[in-house]
S.K.: 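Let me begin by handing over the structure; questions about it come next.
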Amino acid sequence: MNQTELYTAQTTLPTDQLLEMYKWMITVRHFDRRAVNLQRSGRIGTYAPLEGQEAAQVGCGFALEKQDWLFPTYREHGVSMVHGLPMSTIYMYWNGRPEGCVAPEGVNIFPIAVPIATQLPHAVGAAWASKLKGEDAVVVGFLGDGATSEGDFHEAMNFAAVFKVPVIIFCQNNGYAISVPMRKQTATETMAEKAAAYGMEGVRVDGQDVVAVYEVMKKAADKARTGGGPTFVEAVTYRYGSHTTADDHTRYRDSEESEQWRNEKDPIDRLKKQLIDLGVWDEEKDKAAWDEADQVVQKAIDEALSADPVDHNRIFDHAFAELPWHLQEQREEMRKLYGNGGAK
Amino acid sequence: MNQTELYTAQTTLPTDQLLEMYKWMITVRHFDRRAVNLQRSGRIGTYAPLEGQEAAQVGCGFALEKQDWLFPTYREHGVSMVHGLPMSTIYMYWNGRPEGCVAPEGVNIFPIAVPIATQLPHAVGAAWASKLKGEDAVVVGFLGDGATSEGDFHEAMNFAAVFKVPVIIFCQNNGYAISVPMRKQTATETMAEKAAAYGMEGVRVDGQDVVAVYEVMKKAADKARTGGGPTFVEAVTYRYGSHTTADDHTRYRDSEESEQWRNEKDPIDRLKKQLIDLGVWDEEKDKAAWDEADQVVQKAIDEALSADPVDHNRIFDHAFAELPWHLQEQREEMRKLYGNGGAK
Amino acid sequence: MAKLNIIQAITDGLRVALKEDERVLLLGEDIGVNGGVFRATEGLQAEFGEQRVVDTPLAEAGIVGASVGLAVNGMLPIPEIQFFGFIYPAIEQIVCHVSRVRMRSQGRFTCPMVIRAPYGGGIRAPELHGDSPEAFFVHQPGLKVVCPSNPYDAKGLLLAALQDPDPVIFMEPMRIYRAFRDEVPEEHYTVPIGKANVVKEGKDISLFAYGTMLRVSLEAAAMAKEQGWDVEVVDLRTLSPLDRETIVASVQKTGRAIVVHEAPKTAGLGAEITALINDEALLYLEAPVGRVGGYDAPQPLFSLEDIYAPDAKRILHGIEKVMNF
Amino acid sequence: MAKLNIIQAITDGLRVALKEDERVLLLGEDIGVNGGVFRATEGLQAEFGEQRVVDTPLAEAGIVGASVGLAVNGMLPIPEIQFFGFIYPAIEQIVCHVSRVRMRSQGRFTCPMVIRAPYGGGIRAPELHGDSPEAFFVHQPGLKVVCPSNPYDAKGLLLAALQDPDPVIFMEPMRIYRAFRDEVPEEHYTVPIGKANVVKEGKDISLFAYGTMLRVSLEAAAMAKEQGWDVEVVDLRTLSPLDRETIVASVQKTGRAIVVHEAPKTAGLGAEITALINDEALLYLEAPVGRVGGYDAPQPLFSLEDIYAPDAKRILHGIEKVMNF
Ligand SMILES: Cc1ncc(C[n+]2csc(CCOP(=O)(O)OP(=O)(O)O)c2C)c(N)n1
Ligand SMILES: Cc1ncc(C[n+]2csc(CCOP(=O)(O)OP(=O)(O)O)c2C)c(N)n1
Ligand SMILES: [Mg+2]
Ligand SMILES: [Mg+2]
């Protein structure tokens with residue numbers, strides 16, 4: 001039942017889907033690099049880069065249906081945009097804007113959970129509701145390697161298995177929790193083997209191979225959708241850069257390590273080579289694709305950065321459905337001191 | 001590395017040790033039955049009976065050295081008395097008396113932890129300290145089957161394995177968490193298999209066979225003492241009675257089940273038969289042993305119930321090393337209203 | 001009308017909710033076939049099935065965390081925490097998520113739920129079964145906190161909490177679960193959240209209490225009567241948001257006030273109510289607001305619990321101090 | 001004497017502690033080779049080894065829970081919680097155990113430790129990095145809570161906390177970690193726990209603040225000066241137990257008071273201090289005690305954090321309300 005050797009792609013996908021995946025992966029990477037630069041130039045706040053993890057996220061995103069739910073961490077930009085979250089929304093989040101947490105109606109993406117692993121019980125609960133309502137929506141709860149140490153991970157895994165809910169617990173094992181390497185995080189060789197402790201299927205997949213990730217997630221999603229219950233998926237991947245723009249990864253690991261991943265296991269190079277071998281891709285097409293990505297990303301950046309200043313009434317607007325007296329008075333005082341914001 | 005089929009005794013022990021174990025087991029059982037009756041007759045408060053779990057606890061107690069530490073739950077009366085906690089202390093605990101939490105100097109038994117699984121990180125920390133100080137004390141953290149669902153269990157198991165501390169996590173799987181049977185608690189067949197998720201050795205042992213429990217615990221303790229790190233032990237056992245005297249087990253399980261355990265797997269009957277087969281025991285000796293147990297237990301009860309009324313100054317005596325001003329004033333007021341207690 | 005005690009009124013309220021709203025789902029430890037350790041869910045699993053009255057694994061963060069996901073995806077969960085003192089492992093879920101989902105998602109998602117928990121001491125239970133950490137939840141924005149003191153309010157507040165679009169912490173006074181019975185209507189009715197109840201009018205001093213302490217306070221008020229002091233007793237019923245109007249009006253009338261709770265005195269509800277009176281009625285005060293709470297020492301084992309929690313004698317002493325100021 | 005900022009003073013205090021007392025052990029997330037996300041433990045693992053400065057798995061209950069066992073068995077742990085807003089998963093360990101071990105064991109076991117955590121907003125960090133849940137720990141008996149506002153106090157309070165036989169929550173004002181430098185003695189010294197500090201004498205109104213809010217309050221005091229109000233500014237330094245003498249003496253002198261903190265206003269420290277003043281100095285009050293806190297709404301994302309937390313303008317407005325009462 002448990003697959004703890006690295007799962008690699010068994011089949012190949014239709015060319016047009018591979019092309020679509022590839023374009024998404026470069027878009028995600030470009031989005032990410034621009035975000036890092038925006039932070040450097042002081043135009044957005046602290047940002048959590050994902051460069052290196054594009055295949056894990058795009059592969060996951062492609063395996064899901066529109067009605068499915070995501071319960072993301074702060075690093076799920078890639079899968080979130082594939083699942084329908086506007087890029088500009090994500091940029092706004094990293095600019096500390098409330099709109100940055102709001103997915104469009106019909107896009108089932110829960111706001112980013114900052115406290116580690118706390119979103120996993122939510123994912124299990126949402127999947128439970130989906131099951132109770134007889135809907136065919138599947139839920140994906142995201143986490144990293146470090147998050148497996150938190151009690152909430154344990155409780156969520158156990159609830160998922162006991163109630164056999166349609167959830168996939170998707171762990172992107174990028175080798176580090178900020179500065180802490182996996183070997184200091186757990187005494188196991190893999191994360192996937194932890195699933196057995198819950199009587200849950202666990203799969204370890206090459207997170208740099210978008211097709212492998214897609215296959216594993218698709219299988220898990222189909223299983224969940226047809227009443228087969230939860231799956232734990234460990235995607236073995238790597239973040240090339242720092243934990244966030246506030247972090248300096250050279251303090252805790254030698255750059256050779258990340259260079260090696262970049263040179264030998266880059267998910268984009270890898271797919272690009274496949275596409276070229278298939279004879280459906282070349283450098284010219286590639287340049288065009290990056291240019292297109294740049295336009296899309298630029299548009300999102302312009303939108304995010306040109307948005308009106310945040311209306312400070314938002315502090316109160318959604319604190320409660322109906323503001324209790326003390327919040328009403330505090331809002332009044334705020335308006336008196338700092339202006340009405342957008343309030344009528 | 002993992003032993004998930006039921007471990008049964010490989011050797012037999014010296015006759016005098018078996019006799020000693022047997023006497024302890026009947027003493028524990030007698031202590032337990034008297035406690036239930038004392039509660040019924042209103043002379044102590046709610047009590048958590050352990051009848052049926054004597055072998056698991058006595059076998060564990062015998063495997064430990066004087067300097068070893070226990071971090072018990074509310075049901076560890078048996079192992080606690082074997083390890084040196086006076087019976088009268090235990091009775092006082094169930095009478096809501098502060099002295100009931102206090103082990104004699106030199107007896108390393110931490111006060112009972114009521115919040116489920118919260119004592120396990122303490123056990124790991126104490127074992128860690130023992131390792132850092134280069135002492136050869138081993139620590140045992142106790143829990144039940146239900147407790148494996150709590151986040152603190154998970155975090156303690158992971159810390160134990162990552163820091164490779166001399167701790168044994170000893171789970172008495174008595175089949176129920178109050179009314180909730182194991183199959184609703186976890187989707188695994190056993191508790192022992194959960195250890196693998198932490199890269200820890202897990203052993204499942206017949207908790208009704210005192211020798212088997214002794215062997216497994218002795219091995220785990222020797223391993224811990226010699227730097228081999230932690231072990232998770234699942235002792236498969238059963239509580240014949242209710243969760244506590246405030247519970248009614250007939251509401252959630254049919255009494256046949258417990259009758260069956262009692263008739264077919266009783267740890268005391270089992271050892272008694274062995275002793276008789278060995279030709280070292282007979283009914284006469286047995287009666288004498290129960291009489292002796294009765295005297296010891298009666299003495300403890302007299303001591304516990306004849307103790308002076310609790311001095312209410314104890315509310316403040318140990319709140320802080322030095323009472324801050326507001327507690328001093330509150331103590332003054334208490335004395336004014338309710339008398340000095342034993343205060344000079 | 002049936003005469004029910006508090007625990008029966010809660011069971012009745014839960015039954016009404018399960019009947020009326022298919023989104024309602026009860027989850028917790030031992031609430032199924034066992035009917036809960038206090039029998040609050042007695043018979044409900046048999047009546048509504050294992051899908052709607054669910055025994056969970058032993059994990060409070062899991063119970064509350066799963067409830068967040070259930071609520072966000074359209075259910076109306078009623079998680080039971082077996083004792084309020086066992087809510088601590090769920091505090092991260094409550095403080096980081098239950099209370100913030102609406103705000104974080106700017107209203108895109110909401111998290112209505114009623115978290116039930118019996119609180120307070122007095123039943124000779126082991127340690128930590130008697131904690132009263134309500135101040136934590138009153139301090140945390142995004143939550144409401146209610147606490148009934150009688151069967152009628154218990155059912156009415158429970159059904160009001162379930163109608164509330166925001167999450168509510170529902171504290172149950174376990175010591176008086178079965179202490180007395182009231183007429184409780186069979187049908188659906190609500191007791192409004194945010195409204196206190198003047199249970200006994202008086203002109204000399206206003207006493208504010210809730211839950212278990214209400215009746216003890218009435219006792220103290222009767223004793224005070226003998227000393228010629230006419231105590232107005234106010235049952236707060238909702239601890240967050242507080243019913244400022246009723247509290248302030250009462251103090252403006254009497255000019256004196258005292259707050260009573262089981263929780264430790266320092267930084268408890270008494271502090272907030274004293275501060276509220278300070279804000280709104282300082283000039284009416286003829287004496288400092290009195291606070292009678294549990295001692296600022298960890299709650300002791302049960303042999304000392306009666307002396308730890310305020311009793312009528314201690315409350316009377318508090319009243320004396322305020323009256324004789 | 002070296003001029004150090006707050007973060008350097010803390011590092012220095014930790015170094016002194018590690019040097020002087022072999023029982024001392026630091027544990028937490030990313031505190032080893034990375035030196036902590038704020039560099040509070042910079043260089044300490046290199047200097048004292050992996051046994052004494054320990055990177056733990058990502059689990060706060062585990063960190064604090066293991067610290068209980070370490071302390072009980074003779075070590076003196078200094079767990080770091082990466083941000084105060086991430087202490088919630090450890091609250092069960094703190095409230096049920098850290099604070100109660102001495103009482104529960106009647107002194108047989110003790111649990112001395114210093115739990116360090118940076119608190120408050122203002123650094124443009126993601127959500128929940130800016131929480132200020134100190135009121136929880138002030139309400140819980142068995143704990144002490146301290147919060148320095150400058151480098152000298154930071155080292156002195158840290159070393160005092162380490163000498164304290166009881167557990168101490170050590171709040172670090174992250175927004176001003178590097179804001180300014182003070183003369184900080186190299187050697188061991190302590191700033192007594194339980195003693196507030198009158199940083200600016202004044203005769204018209206007493207302002208009580210701590211940590212990050214101290215300097216903002218001094219700004220507000222300067223602005224008030226222009227309006228002719230002479231504000232006395234008191235740095236509480238210890239939040240539990242409060243320095244009653246200093247607080248009361250100040251209010252008796254000025255007749256007016258205001259409390260400032262970043263945490264939400266309702267049931268925060270401001271409530272307890274208002275109640276304390278009510279208890280001890282009611283008759284001296286010429287106006288209600290003012291409370292300036294964070295709004296009673298969940299802390300927003302950072303684009304709104306400056307308007308959420310009190311600034312000099314809001315504090316001045318609070319002062320005005322009290323002065324013009
Ligand atoms: C409860 C909690 N503790 C600590 C943190 C601070 N923190 C943010 S990310 C992180 C490391 C997470 O590592 P991992 O789970 O591997 O995810 P990754 O960042 O590598 O994607 C930590 C410790 C937090 N956000 N929440
Ligand atoms: C955190 C917490 N939640 C709930 C409880 C109430 N409770 C006490 S014992 C118990 C069941 C424990 O079952 P198990 O771990 O199997 O141990 P056993 O009682 O069977 O020995 C529960 C739910 C508690 N004490 N602590
Ligand atoms: Mg990681
Ligand atoms: Mg059990």
Side-chain angles (χ1 to χ4, degrees), chain A residues 69 71 98-105 107-115 117-133 135 137 139 141 150-152 154-163 165 167 314-327 329, chain C residues 22-23 25 27 51-52 54-75 77 79 89-90 92-93 95-97 99-112 141-144 164-167 193-194 238 240-245 276 279:
Chain A
W69 286 76
F71 285 78
E99 313 94 308
C101 281
V102 187
E105 278 303 327
V107 175
N108 295 328
I109 301 179
F110 203 58
I112 286 169
V114 168
T118 55
Q119 69 281 7
L120 300 177
H122 307 165
V124 171
W128 189 355
S130 167
K131 180 183 179 182
L132 289 169
K133 294 187 289 178
E135 296 170 353
V139 179
E150 288 279 9
D152 276 16
H154 176 70
E155 299 189 13
M157 290 287 285
N158 190 44
F159 271 58
V162 166
F163 296 111
V165 301
V167 72
R314 282 177 177 271
I315 289 174
F316 293 97
D317 287 347
H318 299 285
F320 289 92
E322 229 180 274
L323 281 195
W325 60 268
H326 57 303
L327 278 85
E329 291 180 0
Chain C
E22 62 181 9
R23 298 173 309 147
L25 167 81
L27 63 163
Q51 300 283 315
R52 301 189 65 198
V54 186
D55 278 322
T56 65
L58 208 180
E60 289 73 17
I63 291 167
V64 174
S67 297
V68 170
L70 284 160
V72 162
N73 197 6
M75 306 299 288
E92 182 182 32
Q93 283 293 337
V95 161
C96 297
H97 295 298
S99 65
R100 306 192 203 214
V101 164
R102 177 187 293 280
M103 177 279 214
R104 182 176 299 140
S105 70
Q106 295 287 293
R108 167 79 164 80
F109 296 110
T110 63
C111 194
L143 299 172
K144 293 177 179 176
D164 198 283
D166 286 305
I193 292 177
T238 295
S240 180
L242 285 165
D243 180 354
R244 172 171 59 170
E245 271 175 44
L276 178 65
D279 294 344

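Quick note on labels: first sequence line is chain A, next is B, and so on, each numbered from 1. Everything numeric here is computed off the predicted structure, so don't read it as measured data.
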S.K.: Would you say R102(C)'s side chain and C111(C)'s backbone share a donor-acceptor pair under 3.5 angstrom?
M.R.: no
S.K.: Please look at V124(A) and chain C and tell me whether the side chain, the backbone, both or neither of the residue comes under 4.5 angstrom of a heavy atom of that chain.
M.R.: neither
S.K.: Please report, to 0.1 Å, the donor-acceptor pairs under 3.5 Å made by any side chain of residues 54-63 of chain C, with sequence neighbours excluded.
M.R.:
residue	atom	partner	partner atom	Å
D55(C)	OD1	D30(C)	N	3.2
D55(C)	OD1	I31(C)	N	2.9
D55(C)	OD1	G32(C)	N	2.9
T56(C)	OG1	G28(C)	O	3.3

S.K.: Check each atom of Q51(C) against the heavy atoms of chain A and say whether the ones under 4.5 Å are side chain, backbone, both or neither.
M.R.: both
S.K.: Can any side-chain N or O of S99(C) pair as donor or acceptor with the backbone N or O of G142(C) at less than 3.5 Å?
M.R.: no
S.K.: Can you say whether Q93(C) sits under 4.5 Å from chain A via the side chain, the backbone, both, or neither, judging by heavy atoms?
M.R.: side chain
S.K.: Could you tell me the separation between the CG atom of L120(A) and the CZ atom of F159(A), rounded to the nearest 0.5 Å?
M.R.: 13.0 Å
S.K.: For L327(A), is it the side chain, the backbone, both, or neither that has a heavy atom closer than 4.5 Å to a heavy atom of chain C?
M.R.: neither
S.K.: For S105(C), which atoms come within 4.5 Å of any heavy atom of chain A: side chain, backbone, both, or neither?
M.R.: both
S.K.: Tell me whether the rings of H122(A) and F110(A) are parallel (<30°), tilted (30 to 60°) or perpendicular (>60°).
M.R.: perpendicular
S.K.: Counting only heavy atoms closer than 4.5 Å, note whether K131(A) contacts chain C via side chain, backbone, both or neither.
M.R.: neither
S.K.: Between I109(A) and chain C, with a heavy-atom cut-off of 4.5 Å, which part of the residue counts as in contact: side chain, backbone, both or neither?
M.R.: backbone
S.K.: Heavy-atom pairs under 4.5 Å with chain C are the metric here; pick the option from C101(A), P324(A), A321(A) that has the most.
M.R.: A321(A)
S.K.: Heavy atoms only, distances under 4.5 angstrom: which of G74(C), P77(C), G69(C) has the most pairs with chain A? Name it, please.
M.R.: G69(C)
S.K.: Could you look at E135(A) and say if it's the side chain, the backbone, both or neither that has a heavy atom under 4.5 Å from chain C?
M.R.: side chain
S.K.: How about H97(C) and R104(C): does a side-chain donor come under 3.5 Å of a side-chain acceptor?
M.R.: yes
S.K.: Using heavy-atom distances under 4.5 Å, tell me whether L276(C) contacts chain A through its side chain, its backbone, both, or neither.
M.R.: side chain
S.K.: Between R244(C) and W325(A) (side chain of the first, backbone of the second, donor and acceptor by atom type, cut-off under 3.5 Å), is there such a pair?
M.R.: no
S.K.: Counting only heavy atoms closer than 4.5 Å, note whether V64(C) contacts chain A via side chain, backbone, both or neither.
M.R.: neither
S.K.: So does P89(C) get a backbone contact from the side chain of E92(C), meaning a donor-acceptor N/O pair under 3.5 Å?
M.R.: no
S.K.: Between D243(C) and G194(C), what is the shortest heavy-atom contact and its length?
M.R.: CB-O, 3.2 Å
S.K.: Between F316(A) and chain C, which part of the residue has a heavy atom less than 4.5 Å away: side chain, backbone, both or neither?
M.R.: neither
S.K.: D317(A) versus chain C, heavy atoms under 4.5 Å apart: side chain, backbone, both or neither?
M.R.: neither
S.K.: Under 4.5 Å heavy-atom distance to chain C, tell me which part of A156(A) shows up: side chain, backbone, both or neither.
M.R.: neither
S.K.: Got a sec: does the CD of E329(A) have more than 12 other heavy atoms crowding it under 6.0 Å?
M.R.: yes
